[in-house]
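Chain letters run A, B, ... following the sequence lines, proteins first and then strands; every chain starts at 1.
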Amino acid sequence: MVLLRLFLSFMKIGFFSFGGLTMIPVINDEVLTYGWMTADEVMDIVAVAEMTPGSLGINCATFVGLRTAGVLGAVCASLGVMTPSLTLCMLAAHFILKLKGNQTMEHAMKGVRPVSMGMLLAVAVTLSQSTFWTGTGIQWNLIVIAAVCGILMFKTKITIPKTILLAAILGLILG
Amino acid sequence: MSLAKPFLGVMIINMSVLCGYMMEGGAGALAAAFGLSAPAIIAIAVVAYLYGTLKNNVYVAKVLSGVRCVVIPIILNAAWKLKDKSLTSKTAYVFLIVAFIICAFTNISKPLVIVAGALLGLAVWRGVESDGAA
């Protein structure tokens, strides 16, 4: 039941991420485990998701679903990734005043935030391995691209879509 | 906005769900979530189709190899932005390092790591505040 599996996997992704890029570690695990995408494709979709409108979660869900099981797959995966938001948030809207400034939630998040940060750093390391190391040796040209874009991103206010465009041009020249 | 942020899931969807719910109840929430996602889904469908057909073209492959590289700085940048909000104490650094080691060197499932982080956070910071030393 690939449709059900897509739905459940992306529901898991939705439950355990806080929007934006903190989703990457969980997405990476899920799609690699089921062989839905390769590590390279995960990176492509992250770049694509950064450049297209809409959230990373929905974009990934649609992309993976579409490629695994066609339009129905895309629908199932997207519904899956939205389910946590829909259910939890409707509950929250219901108890809106009780949850505002809830201490327990804040304490839990104090633990979750540094953990997400650690997970992001870890996934950056894992993805670096698959990108810069290709069995035969280190891909120095790709490291140069990453370094140039990285420095620009940290030192200037360049937007992410522009950085991706730059990386694409550099890739065409050096890749 | 401040309500949407702490909840799990996609933040922008959380926001639309909250707005939809407040205005029209459950159906409003569903409609808001779908309305928000529809353009993204259509855009990605087009991209996925093009990706499938163009991926093996030599020039496209070169462009993609460059684009993949930039994903790593993007991730690092995202982690860096979390720094101010997440690393508020020494204990938080311990959480960060332990989570990094677990995720980089073991296959322990990520959701489990997050749940553990939440429970430990609850245990640690609740204790801190009841001791009166924050």
What part of [X] is in contact with chain B, defined as an atom under 4.5 angstrom from a non-hydrogen atom: side chain, backbone, both or neither?
| X | result |
| --- | --- |
| A:Ala47 | both |
| A:Leu66 | side chain |
| A:Glu41 | both |
| A:Val123 | side chain |
| A:Phe63 | both |
| A:Ser128 | both |
| A:Ile160 | side chain |
| A:Asn28 | neither |
| A:Asp44 | both |
| A:Thr131 | side chain |

Which one, [options], leads in non-hydrogen pairs under 4.5 Å with chain A?
| options | result |
| --- | --- |
| B:Ser89, B:Ala78, B:Pro111, B:Ala118 | B:Pro111 |
| B:Ala99, B:Ser86, B:Gly121 | B:Ser86 |
| B:Ile97, B:Thr88, B:Val60, B:Ile75 | B:Ile75 |
| B:Ser109, B:Ala104, B:Ala116, B:Ala79 | B:Ala79 |
| B:Lys83, B:Lys110, B:Arg68 | B:Arg68 |

Write down the atom of [X], the atom of [Y], and the distance for their closest heavy-atom approach.
| X | Y | answer |
| --- | --- | --- |
| A:Val115 | B:Ile114 | CG1-CA, 4.3 Å |
| B:Pro73 | A:Gly150 | CB-CA, 3.5 Å |
| A:Ala108 | B:Leu122 | N-CD1, 3.7 Å |

Does [X] share a hydrophobic cluster with [Y], counting links as ILVMFWY side-chain heavy atoms below 4.5 Å and allowing steps through other members?
| X | Y | answer |
| --- | --- | --- |
| A:Val148 | A:Ile151 | no |
| A:Leu172 | B:Val58 | no |
| B:Leu112 | A:Val26 | yes |

Considering only heavy atoms and a distance below 4.5 Å, find which of [options] pairs most often with chain B.
| options | result |
| --- | --- |
| A:Leu121, A:Val46, A:Leu152 | A:Leu121 |
| A:Met117, A:Arg113, A:Met119 | A:Met117 |
| A:Gly111, A:Ser78, A:Pro25, A:Cys149 | A:Gly111 |

Compare all side-chain heavy atoms of [X] with those of [Y] and state whether any distance is below 4.5 angstrom.
| X | Y | value |
| --- | --- | --- |
| A:Ile45 | B:Tyr51 | no |
| B:Ile72 | A:Phe132 | yes |
| B:Lys62 | A:Leu174 | no |
| B:Val124 | A:Lys110 | no |
| B:Leu64 | A:Asp40 | no |

Under a 4.5 Å heavy-atom cut-off, does chain A meet the side chain of B:Leu82, its backbone, both or neither?
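The answer is both parts of B:Leu82.
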Determine whether more than 12 heavy atoms belonging to other residues, nucleotides or ligands lie under 6.0 Å from atom CZ of A:Phe154.
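Above 12, so yes.
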Which residue is it: B:Val70, B:Val67, B:Val71? I am looking for the one with a side chain to side chain contact (heavy atoms under 4.5 Å, CB included) to A:Met43.
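Going through the options one by one, the only one that passes is B:Val71.
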How far does CG of B:Asn77 sit from OG1 of A:Thr163, to the nearest 0.5 angstrom?
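The distance works out to 8.5 Å.
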Gap between atom CG of B:Leu76 and atom CG of A:Leu120 - 0.5 Å precision:
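Result: 9.0 Å between the selected atoms.
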